[in-house]
Structures are given as structure tokens and as C-alpha cells.
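Beneath this line is the structure, given in C-alpha cells, with notes to follow.
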Amino acid sequence: MASSAEKAARIFFRNWPSNVYNPLTRVVNKDLSKYSRGVTLKPTAKILVEFDPWLGPEKTISCRNTLRKFSSQKVQKTNPKCQITTKVKNDRSEPIIDIEYMDGERLIFKSANLHELEILERYMKKAAEKDPEVKLPE
């Protein structure tokens with residue numbers, strides 16, 4: 001989990017200009033690589049990703065990157081029965097990631113203002129509750 005200093009840095013550096021070195025990038029990339037290595041679909045039945053590409057890359061990038069992580073072959077092998085569906089819309093609606101678990105419980109992310117690290121942290125925390133074999137990174 002992110003420390004309070006890292007959370008404060010995320011808020012402070014969220015609107016940092018992209019052409020200037022962002023000190024938060026190193027912290028986020030380090031945490032993101034930890035969570036990316038451990039992503040598993042074992043307790044998951046369905047994943048639905050909806051986004052409007054015309055809304056702008058700053059709103060849809062986290063949704064699309066998370067979809068890319070869930071769609072990788074390595075992650076797909078953890079549960080081949082998990083259905084991953086993508087809906088590309090044209091109605092300027094907020095990007096949504098809808099995850100349904102084997103027991104019927106759903107987890108919905110409105111990802112326009114979330115970072116992919118936050119999505120993966122919450123997903124993995126819920127997956128660890130559902131399946132004791134799932135390990136969270138330290």
C-alpha cells in the first residue's frame with residue numbers, strides 16, 4: 001500500500017507538466033511493476049471495459065492500460081474461462097471497468113480520474129480476499 005507521503009505526492013504531482021522530470025514517476029513505476037507481476041484472474045468470471053476514445057487520452061489511458069494488463073497472455077493463462085469484453089463507445093461517457101467475480105460480486109471502477117496503479121491495487125486486494133492463494137506484493 002502507498003504511504004501517506006506517496007499519496008500526498010500523487011496529489012501534488014498529478015498535474016505536473018509532462019516535459020519536466022516528475023519525481024513521482026519513479027515511485028509509481030516501481031509500485032506498478034510489483035502489482036503487474038502478480039496480476040491474476042483466478043477469482044474473476046468476467047471483465048467488461050467500456051471507454052470512449054474521443055473523450056481524450058488523459059481520461060482513457062488508465063482504462064486502456066489496465067485492459068492491456070488483463071489481456072496479456074501471461075495473465076490470461078491464470079484463468080482461461082474469464083471473459084474479457086471491450087466496448088468502444090461514442091457517447092462521451094466516462095470510462096468504466098466492471099469486474100464480476102465467480103461468486104457474483106461486482107467491482108466497478110470509474111477510471112477517468114484513477115491511475116492504473118490504483119485500479120490494480122484495489123483489484124488485487126479484492127482478489128486476495130476472494131482467493132487465499134493470491135499474494136499481494138510487499
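Values reported hereafter were calculated over all heavy atoms of this structure, with side chains retained and with hydrogens, waters and symmetry mates removed. If you're wondering where the values come from, they're calculated on a predicted model, not measured in any experiment.
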So which heavy atom on Ser62 is nearest to which on Ser111, and how close?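 Looks like OG-O, 2.9 Å.
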Heavy-atom pair with the smallest gap, counting every atom of Lys87 and Leu48: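 Shortest heavy-atom separation between Lys87 and Leu48 comes out as CG-CD1, 4.4 Å.
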What residue among Lys42, Lys126, Arg106, Lys46 forms side chain to side chain contact (heavy atoms under 4.5 Å, CB included) with Tyr101?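 Result: among Lys42, Lys126, Arg106, Lys46, Lys126 is the only option passing the side chain to side chain contact (heavy atoms under 4.5 Å, CB included) with Tyr101.
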With respect to Glu116, which candidate in Ile61, Ile97, Thr66 satisfies the side chain to side chain contact (heavy atoms under 4.5 Å, CB included) definition?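 Testing Glu116 for a side chain to side chain contact (heavy atoms under 4.5 Å, CB included) against Ile61, Ile97, Thr66 leaves exactly one candidate, Thr66.
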Report the C-alpha separation of Lys59 and Asn113 in whole Å, then their side-chain angles, then the decisive distance to 0.1 Å, and conclude whether the side-chain contact (heavy atoms from CB on, under 4.5 Å) test is met. CA-CA 7 Å; Lys59 298 281 187 184; Asn113 297 316; 3.7 Å; yes
Determine the interplanar angle of the Phe70 and Tyr123 rings, folded into 0 to 90°, and report it as parallel if under 30°, tilted if 30 to 60°, perpendicular if over 60°.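 Perpendicular, since the angle between the ring planes exceeds 60°.
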[Y] side chain reached by [X] side chain, heavy atoms, under 4.5 Å:
X      : Y      : answer
Asn79  : Met102 : yes
Ile47  : Thr85  : no
Leu114 : Arg122 : yes
Lys69  : Leu120 : yes
Met124 : Val134 : yes
Arg64  : Phe51  : yes

Stepwise, does the salt bridge (charged side-chain N to carboxylate O under 4.0 Å, His left out) test hold for Lys130 with Glu105? CA-CA 10 Å; Lys130 302 278 180 196; Glu105 188 175 345; 2.3 Å; yes
Would you give the length of the straight line joining atom SG of Cys82 to atom CD of Gln76, rounded to the nearest 0.5 angstrom?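 Nearest 0.5 Å value for the SG-CD distance: 6.5 Å.
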Point-to-point distance, once rounded to the nearest 0.5 Å, from CG of Leu67 to OG1 of Thr60: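 Answer rounded to 0.5 Å: 11.0 Å.
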Any chance you could lay out the side-chain contact (heavy atoms from CB on, under 4.5 Å) test for His115 and Ile119, step after step, and finish with the verdict? CA-CA 7 Å; His115 191 277; Ile119 296 169; over 6 Å; no
Let's go through Asp52 and Arg92 carefully: what are the C-alpha distance in whole Å and the side-chain angles of both, what is the deciding distance for salt bridge (charged side-chain N to carboxylate O under 4.0 Å, His left out) to 0.1 Å, and is it a yes or a no? CA-CA 6 Å; Asp52 179 5; Arg92 304 295 188 262; 3.5 Å; yes
Intermediate values then yes/no, side-chain contact (heavy atoms from CB on, under 4.5 Å), Ile84 and Leu41: CA-CA 10 Å; Ile84 298 178; Leu41 299 176; 4.2 Å; yes
